[in-house]
Amino acid sequence: MSMKYNPGKIESKWKKLWLKKKIYEPDLKNAERPFYTLMMFPYPSAEGLHIGGVRTFTGVDIYGRFKRMQGYDVFEPIGLDGFGIHSENYALKIGKHPTRLVPITEKNFYRQLVATGNAFSWDEALETYDPDYYRWTQWIFIQMFKRGLAYRKKAKVNWCPSCLTVLADEQVVSGECERCGSPTIKKDLEQWFFKITDYAERLLNNLPKLDWSENIKIAQEHWIGRSEGALIKFPILDSQISIEVFTTRPDTLFGATYMVVAPEHPLVETLKNRIQNWKEAEKYISAAAKRSEIERTAEGKEKTGVELKGVRAINPANKEEIPVYIADYVLFGYGTGAVMAVPAHDARDYAFAKKFNIPAPVVIDGGQEEMLYVGAGRLINSGKFSSMQSDEAKRAITEFVGGTLKVQYRLRDWLISRQRYWGPPIPMIFCGVCEKAGMGERKDALGWYTVPESELPVRLPFVKDFRPKGTGESPLASVKSFYEIPCPKCHKPARRETDVSDTFLDSAWYFLRYPSVSDSRQAWNSGITNRWLPVHMYIGGAEHAVLHLLYARFLTMVFYDWKLVGFEEPFTTFRAHGLITKGGAKMSKSKGNVVNPDDYFKRYGADTMRMYLAFLAPFAEGGDFQDSGIAGITRFLNRVWEFSNAHAKKTSSEFSPGDEKVIKSVHKAVKKVTEDIAELHYNTAISALMVLLNEFEAKPAAVNREDVGIFLKLLAPFAPFITEELWQKFFADKKSRSHSIHLESWPAFDKKLIVDETVVVVVQVNGVMRDKFEIKNDASEEEVRTKVLSLEKVKHYVPDVSKIKKFIYIKNKIANIVLQ
RNA sequence: GGGCGAGUGGCGGAAUGGCAGACGCAAUGGACUCAAAAUCCAUCGGGGGCAACCCCAUGAGAGUUCGACUCUCUCCUCGCCCACCA
């Protein structure tokens with residue numbers, strides 16, 4: 001009889017053949033129905049591919065294969081985000097230079113990805129550490145500088161004392177470094193920033209138009225954090241100086257009994273001479289600077305601060321003299337770095353005022369005796385504004401004190417420079433001579449010049465000691481041959497920028513490069529880009545909601561404004577995938593519950609693993625990986641193999657005339673699998689295939705050769721190898737040029753065939769199920785009623801027909817008799 | 001503290017206003033076997049009953065509805081994200 005199903009053998013055969021025949025390479029220049037499907041850029045960790053990563057890649061692949069069979073020219077590129085702190089930290093840990101580590105991890109990662117059986121377009125693979133790629137990352141930086149969107153600024157920035165580099169706000173998670181988990185501190189450093197804040201409003205306003213997982217959109221909305229309020233000036237007594245605050249509650253201005261400025265606020269230094277307790281203030285300021293973000297916030301609601309004695313401000317609404325404090329509960333980076341404090345109507349101010357015995361007059365009638373009321377309401381004790389409602393009062397009071405209405409965003413500019421080794425050098429040159437002479441490429445950045453585009457890439461030199469220095473300078477700052485360079489303008493000795501750019505810059509534009517990888521003269525070919533992008537189906541982790549996904553949107557918007565791309569948003573559809581746990585816990589080395597894909601793929605085969613990962617839980621939700629569950633898929637594929645071998649090769653004389661029910665089941669399965677894949681409900685699509693096979697096996701004589709063919713096509717996106725083998729064996733037309741099942745067309749279903757001639761109607765009495773019966777489809781309510789009342793069970797529960805209050809019939813589904 | 005999501009058999013999960021537990025795992029019994037594995041058949045939420053059947057059950061409690069796992073409110077638990085943003 002037939003040979004046994006041997007996944008190892010058929011998988012290695014088809015893996016090679018698919019690559020050789022390039023069946024997954026679309027015609028990038030001429031494709032008529034482009035469909036770009038993409039999984040978030042992976043970074044090649046030396047441990048190799050994570051099983052969760054396998055699941056996500058495969059999830060994207062199932063969708064791509066489905067679209068390809070539906071007639072689309074599917075582009076599913078792959079590459080590695082190998083530059084950056086994550087890769088460098090690993091290199092540091094094992095004491096191997098990143099340049100030596102890269103070829104090893106790259107080879108291993110690509111080998112694993114081939115093993116998954118994914119239909120990647122390998123010809124377009126790219127790596128961020130490849131000079132052919134990062135020259136364009138540098139090119140982007142140059143354009144950003146030239147157009148004023150990249151700038152240098154001395155600022156209090158997040159510093160990771162373990163990674164010894166600065167970090168963007170998005171990379172500080174709960175006061176900890178996103179990479180290594182160390183508590184971060186604030187450091188005063190001059191750094192490069194991208195002006196993402198210029199795009200805050202558009203990044204926010206476009207969100208509703210995007211077909212993205214809702215939670216991701218909400219996360220971005222919160223991160224951008226729009227709030228409407230007012231800028232109001234509080235004059236300082238006996239001076240020309242005033243303190244400006246941003247407030248969302250100008251309606252509570254009459255209740256402002258003190259002010260707070262952030263310890264980092266430059267105004268504090270300006271007022272130094274007036275501050276009678278300067279020593280105390282100074283002590284507080286330097287202590288605040290040293291404390292980590294965690295310490296600053298972990299002390300939680302316990303407020304600290306120092307009154308600036310000798311400095312008094314005037315509340316512009318009621319002209320009262322009020323004290324000024326410094327306290328670290330006020331953030332320098334938000335608003336103006338100073339607040340007016342209204343203890344009666346703000347929880348933080350309330351806590352602070354209580355501790356420092358500051359009065360808290362009530363100015364909004366909260367309808368309760370409670371001191372603290374943060375809601376809106378009717379104004380009291382507010383002079384001529386008393387009895388006004390908050391909404392109206394906001395505008396009126398702002399106007400009264402000469403303030404201005406203002407929209408404030410929480411989003412800050414993207415800190416782009418890193419004092420590390422493993423990244424693209426920032427392509428800038430600084431000339432001290434030009435700076436003194438008032439020269440520079442941009443008037444607001446004296447002394448700074450971009451590297452001429454013809455000289456790109458600025459290659460990352462080999463630096464033996466690539467460890468971060470912790471001095472605020474990158475290891476490149478120790479390589480004279482790298483940074484010593486004549487000024488492009490005055491030709492005097494100048495200095496190259498030695499910082500590298502953030503990894504997130506590498507990954508913020510890679511999807512634009514993929515279709516144009518072969519083009520060595522430009523970052524992307526706009527004709528090809530506009531043909532293929534925006535990415536039609538993008539899938540990745542929710543943890544990138546405010547990192548990668550925000551940065552990618554920002555850059556795309558910028559390129560759109562520069563007319564380099566014809567679309568404003570990079571990803572039409574985005575779906576977040578779920579997390580895979582093992583034994584109910586996140587996989588981690590320390591817990592010893594990490595699933596190594598290599599072992600499993602070798603043992604069970606790619607088809608089985610692909611299907612198991614898709615079957616174990618809804619794709620978007622994630623679930624628990626259990627070894628025992630794999631057996632179910634192994635059995636299923638064995639049965640597919642056996643059944644196909646036994647029935648697909650029947651000669652025509654052996655064909656069954658076909659059983660009506662089997663045909664209907666096949667059409668129903670086509671509908672269900674088609675709809676489920678489109679919704680990424682892979683688990684239920686697979687269960688539908690299992691149901692169909694169960695039915696095939698129950699009445700094999702009624703199964704046609706054609707039914708088997710349809711079944712294999714439906715299964716093909718999930719199990720590409722076994723279906724290809726069986727298709728080639730029994731169905732493929734050997735003469736046609738390419739006869740892969742994966743290039744066959746997706747089965748259609750006949751609407752007429754999925755409707756049953758009879759339906760089962762459930763009978764309820766007072767909402768409790770009592771009986772059911774079969775009746776012809778779309779029977780009239782009268783027919784149903786007659787039938788229902790004739791049932792023995794119904795007679796038992798409804799002895800007196802006159803007691804029927806209501807008869808409810810939902811067509812083809814249910815009949816409910818309601819008694820009084 | 002805020003936001004988002006989730007709570008259904010021994011387990012993963014299905015059903016999103018209409019027969020709760022599809023599909024699969026595990027388990028139990030049986031067939032095959034000298035035996036085991038594999039495979040096949042049967043049982044498989046709880047309680048009652050010889051049985052036909054009946055009752056209870058989707059984290060807890062209320063509500064809306066002829067009818068609620070599904071919608072609304074309150075509470076509890078868990079997960080993820082953000083977190084002194086004025």
Side-chain angles (χ1 to χ4, degrees), chain A residues 173-175 213-219 221-223 225-227 229 245-249 252 256 260 262 293 296-297 299-303 327-331 333-342 345-349 351-352 374 408-412 542-543 545-546 576 578-579 581 584 586 611-612 615-618 620-636 638-639 642 681 683-691 693-694 697 760-772 793 805-819:
Chain A
V173 178
S174 306
S213 301
E214 209 54 34
N215 54 339
I216 302 292
K217 293 207 275 186
I218 290 166
E221 190 185 324
H222 286 314
W223 188 260
R226 180 183 199 273
S227 53
V245 302
F246 172 74
T247 177
T248 54
R249 295 298 303 274
T252 63
V260 186
E293 286 296 289
R296 244 176 109 151
T297 54
E299 281 167 22
K301 309 302 156 203
E302 184 61 27
K303 300 278 183 285
D328 63 7
Y329 82 89
V330 170
L331 308 171
Y334 184 76
T336 61
V339 302
M340 64 177 215
V342 185
H345 305 291
D346 180 281
R348 295 151 299 184
D349 298 343
F352 188 89
V374 296
Q408 179 72 41
Y409 293 94
R410 181 185 176 281
L411 183 70
R412 323 253 163 104
E543 69 276 14
V546 296
L579 183 78
T581 56
K586 224 177 190 170
M611 285 194 73
Y612 175 63
F615 184 62
L616 96 169
E621 284 168 38
D624 204 51
F625 187 99
Q626 296 179 346
D627 290 22
S628 61
I630 303 170
I633 302 292
T634 304
R635 282 176 202 143
F636 172 72
N638 268 311
R639 283 161 52 208
E642 296 297 333
H681 294 162
N683 55 335
T684 49
I686 290 172
S687 102
L689 288 167
M690 289 173 167
V691 171
L693 182 63
N694 288 347
E697 288 179 335
V760 172
V761 172
V762 171
V763 181
Q764 295 183 337
V765 176
N766 281 338
V768 182
M769 205 273 276
R770 292 302 177 191
D771 204 355
K772 48 190 158 187
K793 284 265 180 60
K805 192 178 151 198
K806 216 169 173 185
F807 183 87
I808 293 157
Y809 177 56
I810 307 297
K811 204 177 191 182
N812 297 336
K813 269 184 183 162
I814 204 157
N816 191 9
I817 298 167
V818 186
L819 300 176

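Naming convention: chains lettered A, B, ... in sequence-line order (proteins, then strands); numbering from 1 in each chain.
- A side-chain donor-acceptor contact under 3.5 Å links Ser213(A) to the backbone of Ala576(A).
- Listed candidates were G24(B), C84(B), C4(B). Nearest to the side chain of Asn215(A) is C4(B).
- Shown here are the side chain to side chain donor-acceptor pair (under 3.5 Å) partners of Arg226(A), two or more places apart in sequence or in another chain: Glu228(A).
- Nucleotides C81(B) and A62(B), compared at atom C1', are 31 Å apart to the nearest Å.
- Only one option out of Val761(A), Asn816(A), Ile814(A) pairs with Tyr809(A) in a side chain to side chain contact (heavy atoms under 4.5 Å, CB included); it is Val761(A).
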With the sugar-phosphate defined as primed atoms, P, OP1 and OP2, and the base as all remaining atoms, what B/S/- string results for nucleotides 16-23 of chain B, 5' to 3', for protein heavy atoms under 4.0 Å? --BB--BB

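- Taking atom C1' on both nucleotides, A14(B) is separated from A20(B) by 10 Å, rounded to a whole Å.
- When the C1' atom is compared between G9(B) and A15(B), the two are found 15 Å apart, to the nearest whole Å.
- Between G7(B) and G59(B), the two C1' atoms lie 6 Å apart (nearest whole Å).
- Relative to the side chain of Thr247(A), the nucleotides G13(B), C55(B), A86(B) differ in distance, and A86(B) lies closest.
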Please, what dot-bracket string fits RNA chain B when only Watson-Crick and G-U pairs with both distances under 3.5 Å count, crossing ones use [ ] and pairs to another strand use |? (((((((..(((.....[....))).(((((.......))))).((((....))))..(((((..]....))))))))))))....

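- U70(B) and A6(B): their P atoms are spaced 13 Å apart (whole Å).
- Among C25(B), G3(B), A86(B), the nucleotide with an atom closest to any side-chain atom of Val330(A) is A86(B).
- Taking atom C1' on both G79(B) and G10(B), the two are 23 Å apart, rounded to the nearest angstrom.
- Counting only heavy atoms from C-beta on, Arg635(A) has its side chain closest to C25(B) among C84(B), C4(B), C25(B).
- For the P atoms, the distance from G49(B) to U65(B) is 39 Å, rounded to whole Å.
- Closest to the side chain of Ile218(A), from the set G12(B), A26(B), C4(B), is C4(B).
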